[in-house]
Amino acid sequence: MLVQLQASTTMWDASNWTRSRFEALGWALAALTVAALAVPWFLWRDSTVVAGLPLWVWWHVGWMGLASVAFYAFTRYGWGVGVESADPAGTETPEVSRDD
Amino acid sequence: MTDTTIQLGIVGGYMVLAAAIGVVAYRLTDRTAEDYYLASRTFGTVVLLFTTFATLLSAFTFFGGPNLTFAQGPEWLLVMGLMDGIIFAVLWYVLGYKQWLVGQRHGYVTLGEMLGDRFGSRLLRGLVAAISLFWLFPYVMLQQKGAGQAIVGLTDGAVPFWVGAGGITLFMIVYVAVSGMRGVAWTDTLQGIVMLGLIWAAVAWILSAVGGPSAATARLAETDPEFLALGGGLYTPEYILSTAISIAFGVTMFPQINQRFFVARSQKVLKRTLALWPVLVVLLFVPAFMLGAWAAGLGVTVPENGNVIPAVLNEYTAGWFTAAVVAAALAAMMSSSDSMLLSGASYLTRDLYRPVTDLADEEPTLPPRASLAGRVRRSLLALAVSIGRLLRSDRDREALLARAGVVVFATLSFVASLSAPGTLVQIGDTAFGGFAQLALPVIVALYWSRTTRWGMYAGIGGSQLFYLASVFLSGVPQSYLGGWSASVVCMALGLALTVGVSLLTSASPDEDASLYSVSGVDGD
């Protein structure tokens, strides 16, 4: 299997930088929202029971399903944001390939 | 007694099956260290997902956790969901993907190796390994204790604690030593599936016996109405957040989890695993923890030192089924411990033993210095070099030593488990908090190229010392600002120290920040 490290020096410019910063911020906010509402704080001290389980348990179960969808969307559209570096310092060897 | 025979037969049969898988994996294992520790970085989605998942689970899933929800109400499932399903998943990307990229590029096997290389510091590498082993040990001990208690509970004391815990330890040593990471991962996959299947079967069986979830919840509403209301008692917002944050960050620094960040075959595997994470957490913990809470409404009595899940199963299901669930719980405990032993051994050999033996190549002479510090340093280095020469023969010894490390580690923690102080949850919490202290300095190092060696020493050392003080010294408070745990406060301190000291110091010539600057790698 051929593994390639893509050279990114050439793609590097200011507009790319701004765009990736905004993207990273957007995904970070999304992650924060997903985390913040995993516990339904607005149901604090509520003890309503629906279909055999407290309502807050149902909220949690549903929210975790939503989190899964959000994570899936991230892997499709946001993967690499903030982690893969387009920093020229990282591309001293522009193309590295090796057999795995 | 026949019941005991059947129960031991089920537990024993399951162990033999897991061992058989380990042996098959052994036949596929190369004799290299990378294959032994990392299965040559070739894990696919299902295996990576289940091995990480099964490794995360422990005696806590079936014993400690349900015991907590039995006593305090089911809110722990929220803590678990937020912790393992969401915060850990985000860290899976932030730390895991980054570490995977860096590891692919430079061939790292352990966290200490990755940090030591970047900061040009053997001391940092050894420090991270030593801290990790320090927290890992009580945690492995806790798992053995859980296993011993489970077998005592299952057989009503016919099998004594030391035989149960000792048997499990012996069994684990054999298959970890033989099969390495591949065998561990394959048995983890089996164990993960077995656990998931059995917990749902247990819930279905008990609920059908008491007339469905509505009836079970109605009985809980009569005996403990407080359990159905969100929050209250133990569960304050500060408790829920502190616990979830501290444990989620701690999990990423557990050697056996952190090492899994290096083993995925491709990005695709990492991506699929991320998306499946929250669902898997809900599927396992909601039934397990609700069962513990429902048991409170059913008036189940739990024997002293016993656990609520076997107790409720004994009352409502067949004896063989209780045995099967206890076997699954032992599987959960083993699937954590086997990986811990393996990773612990790799930290021991690669980060502590090998750097010392490698010193044998070096000249012990340093330029003479008049200062006391210089002289102390020179004598320490000379001592390390002589130890290194004493231990060194050739590289073959590393694989042998890794296996010896597994045996020694498991035996010592077993001996410690015989007189283990404190409850399962207390010891577990201490270890998670200890590991959590490593996470923020590591994240800073991975993402901020201005991080310096001294920043890392200060961040890691300072937070560890403060956290240790809060755990062991009664004068240092356990909670701050209306209920935030010491662990979270220490994490903030570690972050501040890492960043602050990095800003105040400059990088030494042998630090290389460019090592962590990686672009996307397409591994498929």
Side-chain angles (χ1 to χ4, degrees), chain A residues 1-9 27-28 31-32 34-36 38-41 43-49 51-57 59-76 78-92 96 98 100, chain B residues 41 74-75 77-79 81-82 85-87 89-90 93-94 97-98 101 104-105 207 212-218 221 225-232 237 240-241 244 265-267 270-272 274-279 281-282 286 290 447 449 513-514 516-524:
Chain A
M1 197 187 340
L2 193 69
V3 177
Q4 286 208 320
L5 291 175
Q6 292 156 351
S8 49
T9 323
W27 284 114
L32 207 63
V34 165
V39 177
W41 305 106
L43 289 175
W44 199 253
R45 306 307 296 145
D46 184 287
S47 57
T48 317
V49 172
L53 286 175
L55 182 60
W56 56 263
V57 174
W59 168 275
H60 180 69
V61 170
W63 190 259
M64 296 297 274
L66 189 86
S68 204
V69 173
F71 289 153
Y72 176 73
F74 175 74
T75 61
R76 286 288 306 269
W79 192 262
V81 159
V83 170
E84 291 165 15
S85 154
D87 184 341
T91 52
E92 281 160 354
V96 178
R98 64 183 172 94
D100 231 5
Chain B
R41 303 175 204 267
E75 284 92 333
L77 63 90
L78 297 177
V79 178
L82 176 61
I86 295 187
I87 303 179
V90 171
Y93 175 75
V94 172
Y97 179 46
K98 182 80 175 181
L101 285 172
Q104 287 276 319
R105 185 144 173 197
L207 286 183
S214 298
T217 304
E226 176 58 30
F227 279 16
L228 298 178
L230 174 58
I240 292 176
L241 289 173
R265 182 169 57 212
S266 69
Q267 285 191 49
L270 287 171
K271 288 179 185 175
R272 286 201 199 113
L274 176 71
L276 287 171
W277 208 257
V279 173
V281 168
V282 161
V286 171
M290 278 312 297
Y447 284 94
S449 57
S514 71
Y516 290 175
S517 195
V518 281
S519 49
V521 178
D522 187 10
D524 275 278

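Remember, it's a predicted structure, so these values are computed and weren't measured experimentally.
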inquiry  = Quick check on A/A73 against chain B: is it the side chain, the backbone, both or neither that has a heavy atom closer than 4.5 Å?
reply    = neither

key: Toward chain B, the part of A/V34 with a non-hydrogen atom under 4.5 Å   = both

inquiry  = What verdict does the side-chain contact (heavy atoms from CB on, under 4.5 Å) test give for B/L78 and A/W63, after you've listed the backbone C-alpha separation in whole Å, the side-chain angles of each residue and the deciding distance to 0.1 Å?
reply    = CA-CA 11 Å; B/L78 297 177; A/W63 190 259; over 6 Å; no

So which atom in [X] and which in [Y] form the shortest heavy-atom distance, rounded to 0.1 Å?
X      : Y     : value
B/S214 : A/A51 : OG-C, 4.2 Å
B/G85  : A/M64 : CA-CE, 3.7 Å
B/M290 : A/L53 : CE-CD2, 3.5 Å
B/L82  : A/H60 : N-CE1, 4.2 Å
B/A89  : A/F71 : CB-CE1, 3.5 Å

ask   = Of all of A/L43, A/D46, A/V61, which one pairs up most often with chain B through heavy atoms under 4.5 Å apart?
value =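 Highest number of pairs under 4.5 Å: A/D46.
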
Give a yes or no on whether the backbone of [Y] and the side-chain of [X] come within a donor-acceptor separation of less than 3.5 Å.
X      : Y      : value
A/W56  : B/E75  : no
A/S68  : B/A275 : yes
B/Y447 : A/V83  : no

query = Mind checking what makes side-chain contact (heavy atoms from CB on, under 4.5 Å) contact with A/R45, not counting sequence neighbours?
reply = B/E226, B/A229

message = Any non-hydrogen side-chain atom of B/L230 less than 4.5 Å from a side-chain atom of A/P40?
response =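 Sidechains of A/P40 and B/L230: in contact.
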
ask   = Side chains of B/R272 and A/Y72: does their closest heavy-atom pair fall under 4.5 Å?
value = no

inquiry  = At a 4.5 Å cut-off on heavy atoms, which part of B/I240 comes close to chain A: side chain, backbone, both, or neither?
reply    =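 Just the side chain, heavy atoms under 4.5 Å.
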
task = Tell me, please, which residues at least two apart from A/W27 pass ring pair (Phe, Tyr, Trp, His ring centres under 6.0 Å).
result = A/F74

request  = Considering only heavy atoms and a distance below 4.5 Å, find which of B/V282, B/I86, B/V94 pairs most often with chain A.
outcome  = B/I86

query = Just how far is it from atom CG of B/L241 to atom CH2 of A/W41, taken to the nearest 0.5 Å?
reply =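 Nearest 0.5 Å value for the CG-CH2 distance: 4.0 Å.
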
